[in-house]
Amino acid sequence: MKRVGVIGGGQLAWMMADAAQKLGVELVVQTPSLGDPAVSIAQEIVFAAVDDASATEMLAKKCDVITFENEFVNLDALSVLEKQGVCFRPRLEALTPLLDKYHQRRYLSDLGLPVPQFFAVDRTENLKSKIEYLGFPLVLKSRRHGYDGQGTFIIKDFAALEEKLSYETITKTANQSLFLLEEFVPFERELAVIASRSVDGEIVTYPVVETQQEQQVCRRVIAPAEILPDLVAEIEAIAHTLLNSLQVVGVFGIELFLTADSKVLVNEIAPRTHNSGHFSLDACETSQFEQQLRAVCGLPLGNPGLQRAGAVMVNLLGYENSDSDYQSQRQQIAEIPQAHVHWYGKTQSRPGRKLGHVTVLLDNQSRKQAMAVAQTIESIWYPTKFLRNF
Ligand code: ADP
């Protein structure tokens, strides 16, 4: 029996529960609040913020290996533990270049992987010429702690940029830059792939999916993406290069842009399981969560293939401040043929908060049909005024 420590107790840790049971693994979770989703499934909890390294020291005493469901950790403090022999998977060195979005872009471009043009906002002198070079619109991103589009801003002109980047931010933070600026990519589609690497260096990739974001938050995922095999091969090669270079043990999510002229650019790497892989819970022989546990426990990786022709996953996002459990909407969605509803058990709903998701298995790979199913789900879930036209 293995005991796996998980830093972070959100829905990504909660969704490890079935796989843990299947593999005979116990989960010990470090998370701050009693109301966090994974509290209900953990064998033991260390109640503490994810960046509290002294809590992680306690966590380490309770388990054989530590993995991450949340990367907003204090790497410097954790590396002291790693030096003392605590086993982190992925190892901390694999996370080091990724936690800051600017460092991540640098790492990817140094590896020769395609990324949007970017630069750090660290000096006033060059800023103007760099901005003129990129042109508007451009994208401003917080270098750290961004998620679900928090910290990502599409900027239309100088006035909007100045509003976001106050004079003070630019000048007083000097070389300790907080932001990165990058070209706005007028992508044709967004794609993603989940990849996993084992202790022995074996790599498996899940089917490449299409992801659809609104206001920078993932709304739906279509598996597999309707793209040519050459493009799939190119994306798989990117995943191999990255995971091998970082010597990852565990699961990574890789988000990409596909441009109108069929160029692929890497947008972002998540050093953990990812929303774009949730379909794998119901649609694949081995879910991304089982894969994560297999990798970190040193087990052989499982088959990531789809068991059905396709699947569509729709996030159930909060659209109001409420403590409702939305029982009747969930019930109606569950009645859709081949629908699997996952409800994270959060006690508070807020606009944009991920409360659950639903995956519907499909007997064909028609994007049109996947979109129609997504529309049915969203028209049940969202009140009319929150629905956009498909
Ligand atoms: P987060 O880390 O918060 O998920 P991302 O950097 O992944 O933020 O951005 C969220 C979404 O914002 C993307 O999925 C995409 O829709 C949009 N976006 C981000 N960067 C760019 C860009 N350079 N060009 C165009 N759209 C972008």
Side-chain angles (χ1 to χ4, degrees), residues 8 10-12 50 68-73 95 97-109 113-121 130-131 133-157 160-161 164-165 177-194 208-222 225 235 238 242 252-261 263-278 313-315 317-318 350-354 357 388:
Q11 63 263 20
L12 300 177
V50 294
F68 304 88
E69 79 105 51
N70 179 313
E71 64 274 29
F72 302 143
V73 293
L95 301 185
L98 302 180
L99 302 195
D100 174 311
K101 287 190 191 215
Y102 175 69
H103 295 158
Q104 186 181 119
R105 285 257 182 281
R106 289 272 306 262
Y107 186 82
L108 296 170
S109 66
L113 298 179
V115 292
Q117 298 203 54
F118 67 100
F119 58 85
V121 182
K130 284 177 173 171
I131 289 169
Y133 171 72
L134 288 187
F136 288 103
L138 44 74
V139 182
L140 176 73
K141 292 185 177 179
S142 299
R143 287 174 56 165
R144 288 220 53 183
H145 296 123
Y147 72 99
D148 288 351
Q150 316 257 338
T152 293
F153 311 98
I154 296 170
I155 305 283
K156 292 197 177 61
D157 52 29
L161 185 63
K164 285 277 173 223
L165 287 179
S177 171
L178 300 174
F179 294 100
L180 110 118
L181 273 171
E182 63 185 32
E183 68 173 306
F184 175 83
V185 179
F187 54 79
E188 199 242 335
R189 276 183 204 179
E190 289 188 81
L191 304 173
V193 68
I194 300 290
V208 176
V209 296
E210 173 181 346
T211 67
Q212 298 179 355
Q213 274 63 232
E214 280 174 32
Q215 271 110 42
Q216 286 87 50
V217 183
C218 176
R219 286 286 286 260
R220 40 196 107 76
V221 171
I222 298 172
I235 292 168
I238 289 174
L242 179 71
F252 270 32
I254 303 170
E255 296 179 86
L256 310 120
F257 298 128
L258 176 63
T259 65
D261 55 354
K263 282 209 190 75
V264 165
L265 298 171
V266 179
N267 174 32
E268 187 164 44
I269 310 299
R272 48 166 168 77
T273 54
H274 190 255
N275 198 172
S276 61
H278 288 0
M313 191 278 328
V314 177
N315 276 335
L317 300 179
R350 288 192 299 274
R353 193 170 194 209
K354 290 174 181 168
H357 75 263
R388 70 181 260 279

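Index from 1, following the sequence. Counting starts at 1 for both ligands and their atoms, in listed order. Quick note: numbers below take in every heavy atom, side chains included, and nothing from hydrogens, waters or symmetry partners. From a predicted model like this one, the values you see are computed outputs, not experimental measurements.
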Honestly, for Lys101 the part within reach of ligand 1 (heavy atoms, under 4.0 Å) is side chain
If you measure from each non-hydrogen atom of Ile154 to ligand 1, which part falls under 4.0 Å: side chain, backbone, both or neither?
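Under 4.0 Å from ligand 1, Ile154 contributes no heavy atoms.
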I need the nearest protein heavy-atom contact for [atom]: residue, atom name and distance, please.
atom	value
atom 7 (O) of ligand 1	Glu268 OE1, 2.9 Å
atom 15 (C) of ligand 1	Glu190 OE1, 3.2 Å
atom 11 (C) of ligand 1	Gln216 CG, 3.6 Å
atom 26 (N) of ligand 1	Phe187 CE2, 3.5 Å
atom 27 (C) of ligand 1	Phe257 CZ, 3.6 Å
atom 6 (O) of ligand 1	Lys141 NZ, 2.8 Å
atom 22 (C) of ligand 1	Val139 CG2, 3.5 Å
atom 3 (O) of ligand 1	Gly149 N, 2.6 Å

Salt bridge flag under 4.0 Å for residues Arg144 and Asp100:
no
Between Glu214 and Arg219, does any NZ, NE, NH1 or NH2 come within less than 4.0 Å of an OD or OE carboxylate oxygen?
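Looking at Glu214 together with Arg219, the answer is yes, because their closest N to O distance falls below 4.0 Å.
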Contacting atoms of ligand 1, where contact means under 4.0 angstrom from a heavy atom of Gln213:
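Counting atoms of ligand 1 from 1, those under 4.0 Å from Gln213 are 14 (O), 16 (O).
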Phe184 heavy atoms, cut-off 4.0 Å: which ligand 1 atoms fall inside?
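Answer, ordered by atom number: 24 (N), 25 (C).
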Under 3.5 Å: donor-acceptor pair, side chain of [X], backbone of [Y]:
X	Y	value
Glu183	Gln117	yes
Arg105	Asn267	yes
Glu188	Ala260	no

Looking only at N/O atoms, are Val185 and ligand 1 under 3.5 Å apart anywhere?
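Between Val185 and ligand 1, an N or O pair is found under 3.5 Å apart.
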For Glu182 and ligand 1, does the shortest N/O to N/O distance drop below 3.5 Å?
yes
Looking at Gln215, I'd like to know if its CD atom is crowded, meaning that more than 12 non-hydrogen atoms belonging to other residues, nucleotides or ligands lie closer than 6.0 Å.
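Atom CD in Gln215 is not packed in, count stays at 12 or less.
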Can you establish whether the number of heavy atoms outside Arg189 located under 6.0 Å from its atom CZ is more than 12?
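Result for CZ/Arg189: enclosed.
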Arg220 vs Gln212, test: side-chain hydrogen bond (donor to acceptor under 3.5 Å, both in side chains). Steps then yes/no.
CA-CA 5 Å; Arg220 40 196 107 76; Gln212 298 179 355; 2.7 Å; yes
Pi-cation contact, Phe136 with Lys156 (under 6.0 Å, within 45°)
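Judged by the rule (NZ or CZ under 6.0 Å from the ring centre, within 45° of its axis), Lys156 is not positioned above Phe136.
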